[in-house]
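As structure tokens, the structure follows; a few thoughts come after it.
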Number of protein chains: 2
Amino acid sequence: MTSLRRRTRSPRGSGELLADEIIDSATALLLEKEDAEAVSVRAVASRVGVTPPSIYLHFADKEALLDAVCARYFEQLDVKITEAAAGITDPLRRALSQGMAYVRFAVATPVLYRNAFHRITPDSSTMVEEVLAASAFVQFSATVAELAEAGLFAESEVGDVVLEFWAAAHGIASLMIAKPRLGWGDDFQRAESMLRSVCLGRAVIGVVSSGQTSKDKARAVQGLITELGTPDRN
Amino acid sequence: MTSLRRRTRSPRGSGELLADEIIDSATALLLEKEDAEAVSVRAVASRVGVTPPSIYLHFADKEALLDAVCARYFEQLDVKITEAAAGITDPLRRALSQGMAYVRFAVATPVLYRNAFHRITPDSSTMVEEVLAASAFVQFSATVAELAEAGLFAESEVGDVVLEFWAAAHGIASLMIAKPRLGWGDDFQRAESMLRSVCLGRAVIGVVSSGQTSKDKARAVQGLITELGTPDRN
DNA sequence: TGTACATCAGTGAACGCGCGTTCACTGATGTAC
DNA sequence: TGTACATCAGTGAACGCGCGTTCACTGATGTAC
């Protein structure tokens, strides 16, 4: 089986060509398989059309390969989050759009998502920094910071709110992935209405605990409800 | 190693005694290890003080054993959810309390939680029924149904709301488990404020889209905010 | 009360498997003269 | 232009390992007489 698809040898300088192909194949396997355990060094090598030892010319070990897969995955997530934000000036709408992009991306790549989600930050604190520095995370934090500037909650709460939205989006995606038969409907309307209510709840709490006059608070809450309460406006 | 803790042979009729011990040991291993893959039939047998083939006297295969572990885990979750509901008459508070019990339980048993969460309902539709019939799920659904009766949203939305709360609680727990270093604080106050805002958001949306007069709506929203908006009331 | 026997919970040894990884090698590619 | 050589991407064979599972067995327990 290994020798069926034997690839042509790479030219001298370009070890990275094969490295990329290896990451691609590992990614493809994680996309196809239902179980991450099914992705072995041998399976990856065979898919690339190369023998297992070749993998070790490009990656120190299996973990390093999976780290590389994970890094590439985050780059793609970043692209999706960027696209989702493009051209949306209202930060509330943008936050919603970015959240939905996250959910869609995760649901489209279940095994990859789980791999990436559990790979980053098990223990080492450099990993935490890696997450916090991840571009998708930074982008979304910026959106939330804009919401704070708009008065939806205190600047000091930005970190909390980011975490809350992340938990919500992750929870929805994770549940959709793990229990696909729970009747999620054809499109992501259920997911979107969930994200909407999280946004609304947090924003209402933020407004209420702000220093505005109660008349201003009432008006702000009313505005939020108009913006987020009815699912069909968009 | 196997022979060090050799257990005394069970009396004639009671094969279930050892079966229980096996489930206990497998559970204990899943509690201690950071990785579910580390739990092997051999490890379980050795912990019970028995040889690997003995396991097959009580369980058809490894999957059956893990299913049994999972079933026992759900029983324990059910107990926690029951305890969390005890004596709380206000359904909103009760929903919150049950949600927090879920999060605490999951966070206290990370590997077991992940195992159980991913084991149930991968594909078979009987599994879906199993989840829906699970007592913890039924209990929480009853609480949400009471919220609907109280007018927080339409009866027809009960299923949606249950799913939304579940996604929220799961998302929080899952994030706390996977990224313990993200600064969750000592107690679960962050988790609780997240659940509160989800409750509030959903309830506000429910009230607003209800058939009440706008004056009644305003009063209802105000009541919800009083109930859920300030984290220190309890 | 004592003995022969059936039962069956648990054993010991082994099976085949796929895994991650290693190591000495091969042979096409590019370079020096 | 042609030949000898160094480089190094990729190979083939093998390693040790732990896994889930099987099978013929053993020997204490309980029963029949």
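Letters A, B, ... are given to chains in the order of the sequence lines, protein chains preceding strands, and every chain is numbered from 1.
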Quickly work out the [X] [atom1] to [N] [atom2] distance and round it to whole Å.
X: Leu57(B); N: dT22(D); atom1: CG; atom2: P; result: 12 Å
X: Ile55(A); N: dC19(C); atom1: CD1; atom2: C1'; result: 14 Å
X: His58(A); N: dT11(D); atom1: NE2; atom2: C1'; result: 13 Å
X: Tyr56(A); N: dA9(D); atom1: OH; atom2: P; result: 18 Å

Can you confirm if the NZ or CZ of Lys179(A) lies within 45° of the ring axis of Phe117(B) and under 6.0 Å from the centre of its six-membered ring?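 That pair qualifies as a cation-pi contact.
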Can Thr109(B) and Tyr73(B) be counted as having a side-chain donor-acceptor contact under 3.5 angstrom?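 Side-chain D/A pair, Thr109(B) to Tyr73(B): present.
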Quick one: does Arg42(B) reach the base of dG20(D) with a side-chain donor-acceptor pair under 3.5 Å?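 Under the 3.5 Å cut-off, the side chain and the base do form a donor-acceptor pair.
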On DNA chain D, nearest-nucleotide positions of Lys62(B) versus Pro53(A): which is more 5'?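 Closer to the 5' end of DNA chain D: Pro53(A).
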Runs of at least three Watson-Crick or G-U pairs with DNA chain D, cut-off 3.5 Å: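 For DNA chain D the paired stretches long enough to count as stems (3 pairs minimum) are C:2-33 with D:2-33.
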Phosphate contact (dG10(C) OP1 or OP2) by Ser54(B) side-chain N/O below 4.0 Å: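 So the side-chain polar atoms of Ser54(B) never come under 4.0 Å of the phosphate oxygens OP1 or OP2 of dG10(C).
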Below 4.5 Å, heavy atoms only, C-beta onward: do Arg114(A) and His118(B) meet side chain to side chain?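 Contact flag for Arg114(A)/His118(B) side chains = yes.
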With DNA chain C as reference, determine whether Ala60(A) or Glu37(A) sits nearer its 5' end, using the nearest nucleotide of each.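 Upstream on the strand: Glu37(A).
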Inter- and intrachain pairs under salt bridge (charged side-chain N to carboxylate O under 4.0 Å, His left out), touching residues 163-178 of chain B, at least two apart: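 Passing the test, one end in residues 163-178 of chain B: Glu164(B)-Arg202(B).
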For Tyr113(A), check side chain to side chain donor-acceptor pair (under 3.5 Å) against everything at least two apart and list the hits.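 For Tyr113(A), the residues satisfying side chain to side chain donor-acceptor pair (under 3.5 Å) (neighbours in sequence not counted) are Tyr102(A), His170(A).
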